[in-house]
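Reviewing the structure listed below.
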Amino acid sequence: EKGGYDYFMLKEIAEQPKAVADTLLGRIDAGGSLTLDELRISAAELREVDKVVIVACGTAFHAGLIAKYAIEHWTRIPCEVELASEFRYRDPILGARSLVIAISQSGETMDTLMALRHAREQGSKVLAICNTNGSTIPRESDAVLYTHAGPEVAVASTKAFLTQLVACYLVALYLGQVRGTKWGDEIGAVIRDLSHISGEVERVLETMEPVRELARSLADKNTVLFLGRHVGYPVALEGALKLKELAYMHAEGFAAGELKHGPIALIEPDLPVVVVVPSPRGRSVLHDKIVSNIQEIRARGARTIVIAEEGDEAVVPYADHLVRIPATPTLLQPLVATVPLQVFACELATARGNEVDQPRNLAKSVTVE
Ligand code: M6R
């Protein structure tokens with residue numbers, strides 16, 4: 001059942017192009033419009049939404065952090081993202097016009113379930129983004145958008161994450177569509193790129209051998225840091241989470257702009273630092289800033305592992321290791337940038353002799369609060 005792979009995680013990483021394509025299937029029509037009729041919240045209700053609140057845990061929370069950038073940019077509706085375990089304990093401000101999105105692979109995560117119950121008690125509509133048909137979270141929600149990743153067995157979430165991102169992009173674009181947000185060239189281009197993105201994920205997978213080799217060479221390290229900006233920041237958090245749960249290493253993700261406010265003190269000779277570089281074409285200011293961050297940490301001896309778009313030459317002089325990813329629109333970059341981080345964590349865990357599919361102390365679905 002592992003389909004020839006040593007671990008479910010490897011199989012699930014490899015299945016990502018299909019999982020992404022399946023999650024898009026039938027949801028974008030030939031004219032480039034979105035058809036999400038399965039969403040049981042009417043267009044009229046969606047037009048009334050004045051705030052989106054996303055609740056989730058772990059990897060699903062990271063998908064939510066990325067969704068915030070897309071929702072706010074494409075729809076101009078304010079969006080908050082909160083750890084489901086914190087949500088109901090702080091008396092959040094919710095009403096009938098708030099749309100709460102609960103993201104969960106398993107659909108059984110107790111923290112997320114309690115957050116959605118709390119939201120419904122306040123009169124808010126809840127939309128679940130879920131991978132498991134008929135599980136508790138979609139059953140208790142007003143509407144559901146299923147991700148079509150297929151069963152995810154490995155404790156570390158991989159293909160579910162990519163499909164959660166796709167579902168979030170679809171919801172954001174759909175909200176924009178029903179609300180008549182100015183449908184500029186950018187949105188059309190994004191929808192086109194989204195419909196080709198599974199091929200780009202496939203291309204990334206084909207070039208992972210050097211990442212595996214690098215991971216093996218770092219098996220005796222204690223700490224790895226991850227830096228990113230904009231949507232690359234949640235990608236950095238996700239890279240660090242994967243490494244914690246699989247390799248049992250100290251791994252932390254930072255917003256690169258925060259480096260100078262503290263974390264730069266951690267930089268010491270030979271410390272591996274993974275940097276997710278934004279596209280030089282999109283928000284080029286951020287690109288330039290992150291290039292100077294890479295210079296700064298390298299000057300302090302860090303071993304820089306740079307994930308950058310093909311054709312980005314500015315990073316070359318400062319990268320001890322360079323991982324190329326295909327060019328994508330800024331907001332879609334996490335779909336390709338996360339893949340090397342999954343492979344990196346999986347290989348490092350294997351090199352350290354850890355049980356990849358079943359890391360210590362963890363369960364696939366966390367059904368207690
Ligand atoms: O099933 P869920 O998506 O609700 O699970 C949420 C988290 O428990 C989950 O993403 C966890 O962080 C994974 N082990 C991460 O790889």
Side-chain angles (χ1 to χ4, degrees), residues 51-72 77-95 98-122 124-132 135-138 140-141 144-145 147 152 155-158 160-165 167-168 171-172 226 228 230-246 250-255 258 263 334 338 341 345 359 361-369:
K51 172 163 99 165
V52 176
V53 180
I54 302 178
V55 290
C57 304
T59 289
F61 172 70
H62 298 151
L65 290 175
I66 293 164
K68 174 186 166 80
Y69 289 86
I71 290 171
E72 292 195 339
I77 307 171
C79 175
E80 296 167 14
V81 192
E82 186 147 355
L83 289 167
S85 55
E86 288 292 320
F87 185 64
R88 72 187 174 120
Y89 297 102
R90 71 169 176 92
D91 195 12
I93 301 166
L94 292 169
S98 316
L99 174 68
V100 174
I101 304 180
I103 310 177
S104 174
Q105 187 287 129
S106 62
E108 300 297 345
T109 300
M110 188 54 76
D111 287 315
T112 310
L113 181 61
M114 295 312 274
L116 90 79
R117 284 185 184 159
H118 183 77
R120 293 196 74 196
E121 279 161 18
Q122 314 302 306
S124 305
K125 286 261 179 262
V126 177
L127 165 66
I129 291 180
C130 186
N131 195 45
T132 312
S135 55
T136 312
I137 287 173
E140 292 206 15
S141 299
V144 54
L145 186 65
T147 49
E152 191 181 65
V155 165
S157 189
T158 54
F161 177 68
L162 260 60
T163 61
Q164 284 160 357
L165 291 177
C168 289
V171 168
F226 293 79
H230 194 261
V231 290
Y233 169 43
V235 171
L237 296 177
E238 174 61 8
L241 177 62
K242 285 280 121 23
L243 208 56
K244 282 175 209 160
E245 63 179 343
L246 294 166
H250 170 227
E252 254 189 284
F254 297 108
E258 274 293 289
T338 307
L341 306 186
N361 309 338
L362 290 171
K364 180 63 182 162
S365 77
V366 185
T367 52
V368 289
E369 243 199 301

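A salt bridge is absent between Arg120 and Glu140; no separation between the charged side-chain nitrogens and carboxylate oxygens falls under 4.0 Å. The pair Glu72-Lys68 counts as a salt bridge, with a side-chain nitrogen and a carboxylate oxygen less than 4.0 angstrom apart. A salt bridge between Lys242 and Glu238 is present, with a side-chain N of the basic residue lying under 4.0 Å from a carboxylate O of the acidic one.
Using a distance-only test at 3.5 Å, with no hydrogens or angles considered, no donor-acceptor pair links the side chain of Gln164 to the main chain of Ser104.
In plain terms, the two heavy atoms of Phe61 and Ala56 that are nearest each other are N-CB, 3.5 Å.
For the pair Gln105/Thr132, a side-chain contact is recorded, criterion being any heavy-atom separation below 4.5 Å from C-beta on. Using a 4.5 Å cut-off on side-chain heavy atoms (C-beta onward), Cys168 and Ile103 make contact. Using a 4.5 Å heavy-atom cutoff, the side chains of Pro92 and His118 are in contact.
Under the rule for a side chain to side chain contact (heavy atoms under 4.5 Å, CB included), the partners of Glu369 that lie at least two apart in sequence or sit in another chain are Arg88, Tyr89, Met110, Asp111, Met114. Residues satisfying the side-chain hydrogen bond (donor to acceptor under 3.5 Å, both in side chains) criterion with Thr109, sequence neighbours excluded, are Ser106.
A distance below 6.0 Å separates the ring centres of Tyr69 and His230.
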**Message:** Set out, in order, the CA-CA distance, both residues' side-chain angles and the distance that settles side chain to side chain contact (heavy atoms under 4.5 Å, CB included) for Phe87 and Leu94, then state yes or no.
**Reply:** CA-CA 11 Å; Phe87 185 64; Leu94 292 169; 3.7 Å; yes
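Each of Val100, Leu99, Ile71 was scored for a side-chain contact (heavy atoms from CB on, under 4.5 Å) with Ile54, with one residue passing: Ile71.
Residue Glu245 holds its CD atom at 6.0 Å from OG1 of Thr59, rounded to the nearest 0.5 Å.
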